[in-house]
Amino acid sequence: MHDTQPIPFDYTPPEGPLQVLHVDADVIVVVKPCGLLSVTGRGEDRQDSLVTRLAAQISGARIVHRLDLDTSGVLVLARNAEAHRRLSMQFERRETGKAYVARVWGHVQEESGEVNLPLIVDWPNRPRQKICFEEGRPARTLWRVLRHEEDTTLMQLEPITGRSHQLRVHMLSLGHPIVGDSLYAHAVARAFSPRLELHARDLAFTHPMTGERLQFTAEAPF
């Protein structure tokens with residue numbers, strides 16, 4: 001039986017400047033590195049975050065959506081209340097386009113597919129999530145294989161819903177945990193990479209003020 005016990009949490013965010021892809025009067029598009037909180041956490045040792053770093057260089061940054069601590073990739077933030085309201089509605093109505101890249105353990109046999117399994121927080125084992133058909137919230141992920149590797153498969157994942165840890169639990173449900181995952185991967189898959197190999201590569205949304213459809217891409221650093 002594989003060991004899936006989570007490793008202790010030690011917050012040591014990466015140093016260095018943020019990669020900013022776009023700034024205007026209403027929105028900021030930035031690449032969040034692996035290991036950096038999207039927003040500040042509880043306690044003095046968790047005050048360093050994407051939002052606090054951005055606030056030091058760009059005024060008015062307001063979080064619209066988040067990425068897990070260990071997930072890297074493209075994030076959009078608003079710079080004023082109206083932009084925040086309109087962007088938040090786009091995410092709520094699933095009008096944004098999102099594509100992730102993940103490296104999973106083992107060889108996925110089919111070329112593409114869908115996972116439609118409801119999720120709920122696993123309270124005794126927080127922050128883990130679990131599949132629950134009785135009380136879970138609907139969660140849907142589209143996936144396709146990008147390439148097969150020696151021990152792993154590189155995947156493109158498109159979350160239709162935005163549940164916490166959705167992609168990580170859905171890949172686990174296929175029998176192919178994301179490598180480097182300290183919460184859900186077995187010991188061999190966890191040790192394969194020093195980081196969670198999950199990256200938000202593409203983000204598309206409608207500019208909250210101009211109405212222009214924008215798309216941003218940041219290639220996976222793994």
Side-chain angles (χ1 to χ4, degrees), residues 1-7 9 32 34 37-39 41-42 63-76 85 87-146 152-187 189-190 195-205 220:
M1 185 173 176
H2 290 304
D3 168 33
T4 57
Q5 290 302 306
I7 57 176
F9 178 64
K32 188 188 87 67
C34 172
L37 288 168
S38 294
V39 297
R42 293 179 182 174
I63 201 81
V64 175
H65 63 125
R66 305 182 189 192
L67 293 173
D68 288 346
L69 169 75
D70 294 326
T71 304
S72 56
V74 183
L75 268 177
V76 60
R85 185 184 73 82
L87 283 170
S88 296
M89 286 174 67
Q90 287 186 52
F91 279 91
E92 194 176 319
R93 294 172 178 172
R94 300 172 191 167
E95 295 169 350
T96 58
K98 293 178 280 187
Y100 289 68
V101 173
R103 179 170 280 113
V104 303
W105 185 254
H107 287 169
V108 179
Q109 296 305 309
E110 286 78 23
E111 289 304 306
S112 62
E114 177 180 333
V115 180
N116 202 339
L117 293 170
L119 299 175
I120 193 171
V121 63
D122 185 359
W123 284 106
N125 299 299
R126 284 177 296 172
R128 282 184 180 175
Q129 310 290 310
K130 65 179 181 179
I131 295 163
C132 178
F133 291 97
E134 289 76 32
E135 300 175 5
R137 300 173 72 189
R140 183 174 168 231
T141 302
L142 305 180
W143 60 265
R144 69 180 178 89
V145 170
L146 295 176
T152 56
T153 304
L154 196 68
M155 309 268 283
Q156 177 174 297
L157 310 178
E158 294 183 35
I160 305 305
T161 52
R163 309 301 178 206
S164 182
H165 295 185
Q166 174 177 320
L167 301 179
R168 299 162 75 173
V169 178
H170 277 179
M171 290 304 97
L172 180 66
S173 77
L174 294 177
H176 299 282
I178 299 175
V179 301
D181 192 336
S182 62
L183 286 177
Y184 301 102
H186 54 73
R190 182 189 299 174
R195 63 156 288 176
L196 174 72
E197 295 207 358
L198 177 63
H199 177 79
R201 185 191 64 198
D202 302 307
L203 177 64
F205 61 92

>> Run the side-chain contact (heavy atoms from CB on, under 4.5 Å) test on R137 and R163 for me, step by step, so that the C-alpha distance in whole Å, both residues' side-chain angles and the decisive distance to 0.1 Å come before the verdict.
In response: CA-CA 8 Å; R137 300 173 72 189; R163 309 301 178 206; 3.0 Å; yes
> Just checking, is any N or O donor in the side chain of E114 or T141 under 3.5 Å from an acceptor N or O on the other one?
Replying inline: no
> Can you name the closest pair of heavy atoms from I63 and R66 and give their distance?
Replying inline: CG1-CG, 4.2 Å
> Should P177 and V104 count as side-chain neighbours, where that means a heavy-atom distance under 4.5 Å?
Replying inline: no
>> I'd like to know if the side chain of T153 pairs up with that of H107 as donor and acceptor (distance under 3.5 Å, no hydrogens or angles considered).
In response: no
> Is the backbone N or O of W105 less than 3.5 Å from a side-chain atom of H176, with the two atoms forming a donor-acceptor pair by type?
Replying inline: yes
> Between the side chain of H199 and the main-chain N/O of T71, is any donor-acceptor distance below 3.5 Å?
Replying inline: no
> Does a side-chain heavy-atom distance below 4.5 Å link I131 with L119?
Replying inline: yes
> When rounded to the nearest 0.5 angstrom, what distance separates SG in C34 from CD in E197?
Replying inline: 9.5 Å
> Any idea which heavy atoms bring H165 and Q129 closest together, and the distance?
Replying inline: CB-CG, 3.7 Å
> Side chains of L167 and W143: does their closest heavy-atom pair fall under 4.5 Å?
Replying inline: no
>> Measuring from atom CZ of R144 to atom OG of S112, what distance do you get when rounded to the nearest 0.5 angstrom?
In response: 8.5 Å
> What is the minimum heavy-atom distance between I120 and G136, and which atoms define it?
Replying inline: CB-CA, 4.0 Å
>> Strictly distance-based, threshold 3.5 Å: is any side-chain N or O of S38 a donor or acceptor partner for the main-chain N or O of L67?
In response: yes
>> Determine whether a donor-acceptor pair (N or O, by modelled atom type, separation under 3.5 Å) exists between the side chain of K32 and the backbone of L69.
In response: yes
> Which is it for I178 and L196 under the side-chain contact (heavy atoms from CB on, under 4.5 Å) test, yes or no, and what are the steps along the way?
Replying inline: CA-CA 7 Å; I178 299 175; L196 174 72; 3.6 Å; yes
>> For the CG atom of L203 and the CZ atom of F91, what is their distance to the nearest 0.5 Å?
In response: 5.0 Å
> Rounded to the nearest 0.5 Å, how far does CZ of R85 lie from CE of M89?
Replying inline: 5.5 Å
>> For a side-chain contact (heavy atoms from CB on, under 4.5 Å) check, start with the C-alpha distance between V115 and Q166, then their side-chain angles and the critical distance, and finish with the verdict.
In response: CA-CA 10 Å; V115 180; Q166 174 177 320; over 6 Å; no
> Which distance, rounded to the nearest 0.5 Å, do you find between the OG of S173 and the CG of N116?
Replying inline: 10.5 Å
>> When you compare the side chains of S72 and R195, does any donor N or O come within less than 3.5 Å of an acceptor on the partner?
In response: yes
> Heavy atoms, side chains only, cut-off 4.5 Å: are H65 and L75 in contact?
Replying inline: yes
>> So which atom in A139 and which in T161 form the shortest heavy-atom distance, rounded to 0.1 Å?
In response: CA-OG1, 3.1 Å
>> side-chain contact (heavy atoms from CB on, under 4.5 Å) for V101 and L154? Distances and angles first, verdict last.
In response: CA-CA 7 Å; V101 173; L154 196 68; 3.8 Å; yes
> How long is the span from the NZ atom in K130 to the CG atom in L172, to the nearest 0.5 Å?
Replying inline: 14.0 Å
> R140 side chain to L117 main-chain N or O, any donor-acceptor pair under 3.5 Å?
Replying inline: no
>> Could you tell me if the side chain of V74 sits less than 4.5 Å from the side chain of D202, heavy atoms only?
In response: no
> Judged by atom type as modelled, is there a donor-acceptor pair below 3.5 Å linking the side chain of R190 to the main-chain atoms of V179?
Replying inline: no
> With no hydrogens and no angle check, is any side-chain donor or acceptor of N125 less than 3.5 Å from a backbone partner on R128?
Replying inline: no
> How about Q90 and E92: does a side-chain donor come under 3.5 Å of a side-chain acceptor?
Replying inline: no
> Any donor and acceptor pair, going by atom type alone, linking the side chain of Y100 with main-chain N or O of P159 inside 3.5 Å?
Replying inline: no
>> Tell me if a side-chain donor or acceptor on D68 pairs with a main-chain N or O of D70 at a distance below 3.5 Å.
In response: no
